[in-house]
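Nothing fancy with the numbering, it's 1 onward along the sequence. The structure presented is a predicted model; accordingly, all values stated were derived computationally and were not measured. Values below: every heavy atom of this structure, side chains too, minus hydrogens, waters and symmetry copies.
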Amino acid sequence: QVQLVESGGGSVQAGGSLKLSCVATGDVGTYALGWFRGTTPGSRQAVAVIDDDETEYLTPSVKGRFTVTRDYIKNTLTLQMNSLEPDDTATYFCAAGRLPYKIFIVGSVRELDFTDWGQGTQVTVS
């Protein structure tokens, strides 16, 4: 059983920074871990994902502003968000899943491949 607990959301002015953290319990060594945003299942946007082979995916709108890191020993996933914009306002979810494809081949990820979800943390940029 995989459990994910997020922390670090909050409110910030445009141009500011926030750091989100996710702690995973369970055997996630072969899982991709990622951050999604949005509250409607099936319509959540993948923001940043790191697969078990360290391949990384970042949605284009956050490249150059967000950095995702994964600690495979501590089973943590961190999203450093800089230069935040009002459009980044959303509920952010940490998610885990075994992807049936390689990110470096496909170039994207699908929400439906992530089977375990955290409770979400709100990020508000004004």
Side-chain angles (χ1 to χ4, degrees):
Q1 179 99 20
V2 174
Q3 292 187 322
L4 305 165
V5 178
E6 306 103 332
S7 61
S11 297
V12 66
Q13 291 188 334
S17 299
L18 284 173
K19 182 178 180 179
L20 304 183
S21 297
C22 173
V23 179
T25 56
D27 186 8
V28 295
T30 59
Y31 282 63
L33 293 180
W35 290 100
F36 286 74
R37 60 190 180 189
T39 56
T40 303
S43 299
R44 287 178 284 212
Q45 180 190 32
V47 177
V49 176
I50 299 183
D51 207 345
D52 62 336
D53 62 359
E54 301 183 41
T55 304
E56 181 180 307
Y57 168 82
L58 283 173
T59 194
S61 65
V62 307
K63 287 182 179 179
R65 301 189 297 122
F66 291 10
T67 302
V68 61
T69 55
R70 178 173 177 174
D71 188 319
Y72 290 84
I73 303 299
K74 297 180 180 179
N75 283 341
T76 59
L77 186 72
T78 301
L79 184 66
Q80 178 65 47
M81 304 185 292
N82 298 327
S83 301
L84 281 160
E85 303 169 353
D87 283 349
D88 296 316
T89 295
T91 302
Y92 285 70
F93 294 86
C94 181
R98 289 196 178 101
L99 304 184
Y101 46 82
K102 290 297 183 182
I103 295 176
F104 73 89
I105 294 177
V106 177
S108 62
V109 297
R110 299 182 306 180
E111 178 189 351
L112 64 87
D113 294 313
F114 289 77
T115 53
D116 300 278
W117 295 81
Q119 80 283 359
T121 186
Q122 180 66 33
V123 171
T124 303
V125 185
S126 59

pair W35-I50: side-chain heavy atoms closer than 4.5 Å: no

Under 4.5 Å between side-chain heavy atoms, hopping through other hydrophobics if needed: is there a path connecting V62 to V125? yes

Any chance you could measure R98, atom CZ, to D116, atom CG, to the nearest 0.5 Å? 9.5 Å

Distance-minimising heavy-atom pair for Y101 and S108: CE1-O, 3.6 Å

So, applying side-chain contact (heavy atoms from CB on, under 4.5 Å) with L77, which one of L4, V23, L33 is it? L33

For A48 against L58, the heavy-atom pair lying closest together: CB-CD2, 3.4 Å

Roughly how far, to the nearest 0.5 Å, is the CG atom of L79 from the CD atom of E6? 11.5 Å

Would you say T59 and Q45 make side-chain contact, with heavy atoms under 4.5 Å? yes

Just by modelled atom types, is the T55 backbone N or O under 3.5 Å from a matching donor or acceptor in the D53 side chain? yes

Spatial distance of atom CG (L18) from atom CG (L84) [nearest 0.5 Å]: 5.5 Å

Does L20 reach the side chain of V123, with side-chain heavy atoms less than 4.5 Å apart? yes

Do W117 and R44 have side chains that approach each other closer than 4.5 Å (heavy atoms only, starting at C-beta)? yes

Flag yes if F36 and I103 sit in one hydrophobic cluster, no otherwise; membership is Ile, Leu, Val, Met, Phe, Trp, Tyr, and two members link when side-chain heavy atoms are under 4.5 Å apart. yes

Which pair of heavy atoms, one from Q80 and one from S17, lies closest together, and at what distance? NE2-CB, 4.0 Å

For A90, does its backbone N or O pair with a side-chain atom of R37 as donor and acceptor, under 3.5 Å? no

Between A46 and V109, what is the shortest heavy-atom contact and its length? CB-CG2, 3.4 Å

Over all atoms of both residues, closest heavy-atom pair of A32 and F114: O-CE2, 3.9 Å

Can you tell if the side chain of Y72 reaches within under 4.5 Å of the side chain of V28, non-hydrogen atoms only? no

Rounded to the nearest 0.5 angstrom, the CG-CZ distance for D88 and F66 is 4.0 Å

Between the CZ atom in F93 and the OG1 atom in T121, the distance rounded to the nearest 0.5 Å is 9.5 Å

Side-chain heavy-atom pair Q122, T89 within 4.5 angstrom cut-off: yes

Quick one: are V49 and V68 in side-chain contact, heavy atoms under 4.5 Å? no

How far does CG of D71 sit from OG1 of T76, to the nearest 0.5 angstrom? 4.5 Å

In the structure I gave you, are the side-chain heavy atoms of P100 and D113 within less than 4.5 Å of one another anywhere? yes

Shortest non-hydrogen contact between A96 and V2, atoms and distance: CB-CG1, 4.2 Å

